[in-house]
Number of protein chains: 2
Amino acid sequence: MVRLSDVAVHAGVSVRTVSNVVNDFRHVAPHTRARVQASIDELGYRPNMAARNLRRGRTGLLALVVPEIDSPYFSDLAARTVRIAEDEGWTVLIDQTDGDPARERRLLHGERSQLVDGVIFSPWSVPAQELASRSDATPIVLLGEHDGAPPVDHVVIDNVRAAEEAVGHLVARGRTAIAAIGVRPTLGNATAHQRLLGHRRALATAGMEPRSDREAPVGSLHRAEGHRAMTELLDSLEPPDAVFCFSDQLALGALRAVVDAGLRVPRDVAVVGFDDIEDGRYAVPRLTTVSPDRDQIARLALQVLRDRLAGDDTPARVHTAGHRLVVRESS
Amino acid sequence: MVRLSDVAVHAGVSVRTVSNVVNDFRHVAPHTRARVQASIDELGYRPNMAARNLRRGRTGLLALVVPEIDSPYFSDLAARTVRIAEDEGWTVLIDQTDGDPARERRLLHGERSQLVDGVIFSPWSVPAQELASRSDATPIVLLGEHDGAPPVDHVVIDNVRAAEEAVGHLVARGRTAIAAIGVRPTLGNATAHQRLLGHRRALATAGMEPRSDREAPVGSLHRAEGHRAMTELLDSLEPPDAVFCFSDQLALGALRAVVDAGLRVPRDVAVVGFDDIEDGRYAVPRLTTVSPDRDQIARLALQVLRDRLAGDDTPARVHTAGHRLVVRESS
DNA sequence: ATGAAAGCGCTAACAG
DNA sequence: CTGTTAGCGCTTTCAT
């Protein structure tokens, strides 16, 4: 282990000067700088991050806490966040909770928060009130809506409007029996609820009656649940001629279920998803979906943390990122 | 900020005792422990990780460096690695390089390596020799084969054998014009080459001639490239009746290309992929693929790092994880 | 422009 | 079983 002082001795200067060179400060004579740099290279010096962090009181680390790294939506979001954060000098630490309340709490209140300067948190189970009341000083920004607009920074998309557009599109295509898949009654997270609201609103606008037997709950947002839910809908007395799924994964499962039932998409059943994951673009048929502006989501979240760390103590705000409906073959 | 000494004062004990409680050491009277714990809770004390890391000389962090977090294979591997590492008390920091040589080098030699105790590295561009000659003392384990068996720990699967099994399966199904998609001549990484080798070997075993016009190179492992490569193969004078793709993403792109050409899978063209990503299980038709044992890969990689950190200085070894051919509808 | 030295918060060797 | 204290490597105030 080569220390700063080793470099100083080797270069015949004080540690102060070496530190100045390492941190690229001004007020170092070009000649001195060159000599110090030569010593750094020769000795293979690398700053000890733990010592630097301790001294500076910052780590340069951000945590991105998501339910599942391996769901396409979150892995895509993570990739963008890491990329954008890197450009701003941050390192992102990705954690997964599986939506488990205990793990969400642990990451929220636990030791991890001492390791990072800020947290981008996508909660599933922990209710908004608890999020608002955390004692920790580490800035946090939430992804996704939470009922009651608590005093915590949020980055959201307009889920009600997006769902309304998606279902409105199915109405415009002449569908008259439109189901929804993805209701999640047990979650603290309000996203599914918002999409259900938009679904109902679009039906109402079209003069259609919302029917609870066409609002299918799911235990997860994965393909298997979409498949199961769609199969049940198709087995019902009045099967739907269109379905709006609250995630693309659910939609791809539903798509598969339609095929398994010997029917065709979109001829017999039109399918619309949500998230715009890559799989949907190459599915057979290609999936119509709502595409949230993920780059904007990542950028807004980082912006919030940067501002808070810079001392911004204005009241917490809700930042809304854009979205658009992408119509493809499945509808 | 509540410090260890604040808790000590509050509880009326020394910092040594508080530290003992925090780190769950023995030799603390139950009575004292309870009192200290009460103070910790009351004051909301959280250990300062930077200080702890500096003192201990370890950070408890591992880096998982992959080309793309958002490709299904790597995001799945990342999720497993994080989960398994967590059980062993590690925190995993995920980095992406986009396969870019400069970024791979930066993560390999740069300051990041001072932040973590060990590195799991899945290189694309940096050649094996360079990996072997890095000066850094941080233990590293590579994912994927590299020609020349350099003195660095590896975790691999038997790609030659796996590819041979996949293509052998197509032969057994009676296919006679079997193409390969996924050749990557420019990469330092030998994985694609190994799979090509297995492909050729299976053809040789079946008495078929390998044809370079049926070994399609790609610029990436994504769907779009699979689509493009398959379209070109189908447009050739003697289109194949089967294709072995070096990733499921390529295979799903190829699948789509077959459909776009007005043909059917597997009737006209059988398709086999590699990786066993979830999309493939719900594709239409479901994708036949080679499934690497990802849990074992993650476990072996962590095992290597744990051993190296514990002082194991035996020569670097190659650890081989299992795989199996999963036959589904596409073949 | 450079040097000397304090101290960030914690762990663990040493002492009792 | 508990207390005292040195020092991990770095940044930065103060002095020159």
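To find a chain, count down the sequence lines: A is the first, B the second, and so on, and within it residues start at 1. What you see below is based on every heavy atom in this structure, not just the backbone, and it leaves out hydrogens, waters and symmetry mates.
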### Task
Apply the test side-chain contact (heavy atoms from CB on, under 4.5 Å) to residues B:R103 and A:E86: give CA-CA distance (whole Å), side-chain angles for both, the deciding distance (0.1 Å), then the verdict.
CA-CA 11 Å; B:R103 292 168 80 150; A:E86 187 180 69; 2.9 Å; yes
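The phosphate of D:dG3 has OP1 or OP2 within less than 4.0 Å of a side-chain N or O from B:S14. Phosphate contact (OP1/OP2 of C:dC10, side-chain N/O of B:S19, threshold under 4.0 Å): absent. The phosphate of D:dT2 (OP1 or OP2) has no side-chain N or O of B:N20 nearer than 4.0 angstrom. At least one side-chain nitrogen or oxygen of A:T32 sits closer than 4.0 Å to the OP1 or OP2 atom of C:dT2.
Note: CG (B:N48) to P (D:dC8) measures 18 Å, nearest angstrom. If you measure from atom CZ of B:R46 to atom C1' of C:dG9, you get 16 Å, rounded to the nearest angstrom. Taking atom CZ of A:F25 as the reference point, atom P of C:dT2 lies 15 Å away to the nearest angstrom. Atom-to-atom, CZ of A:R52 to C1' of D:dC8 comes out at 16 Å; the value is rounded to the nearest Å. Remark: C1' of D:dT11 and CG of A:N23 are 8 Å apart, rounded to the nearest angstrom. Summarising the geometry, the separation between CG on B:D6 and C1' on C:dC8 is reported as 14 Å, rounded to the nearest angstrom.
Side-chain atoms of A:R16 and base atoms of C:dG3 include a donor and an acceptor less than 3.5 Å apart.
Heavy-atom minimum distance, B:R308 versus B:R317: NH2-N, 4.4 Å.
No engagement by A:N53 is indicated, since no non-hydrogen atom pair under 4.0 Å with the nucleic acid exists.
Using a 4.5 Å heavy-atom threshold, the side chains of B:I84 and B:R299 count as touching. Proximity of B:P292 to B:I297: side-chain heavy atoms (C-beta onward) are separated by under 4.5 Å at one or more points.
Residue B:V15 is the one, among B:V15 and B:L54, whose nearest nucleotide of DNA chain D lies closer to the 5' end (criterion: closest heavy atom).
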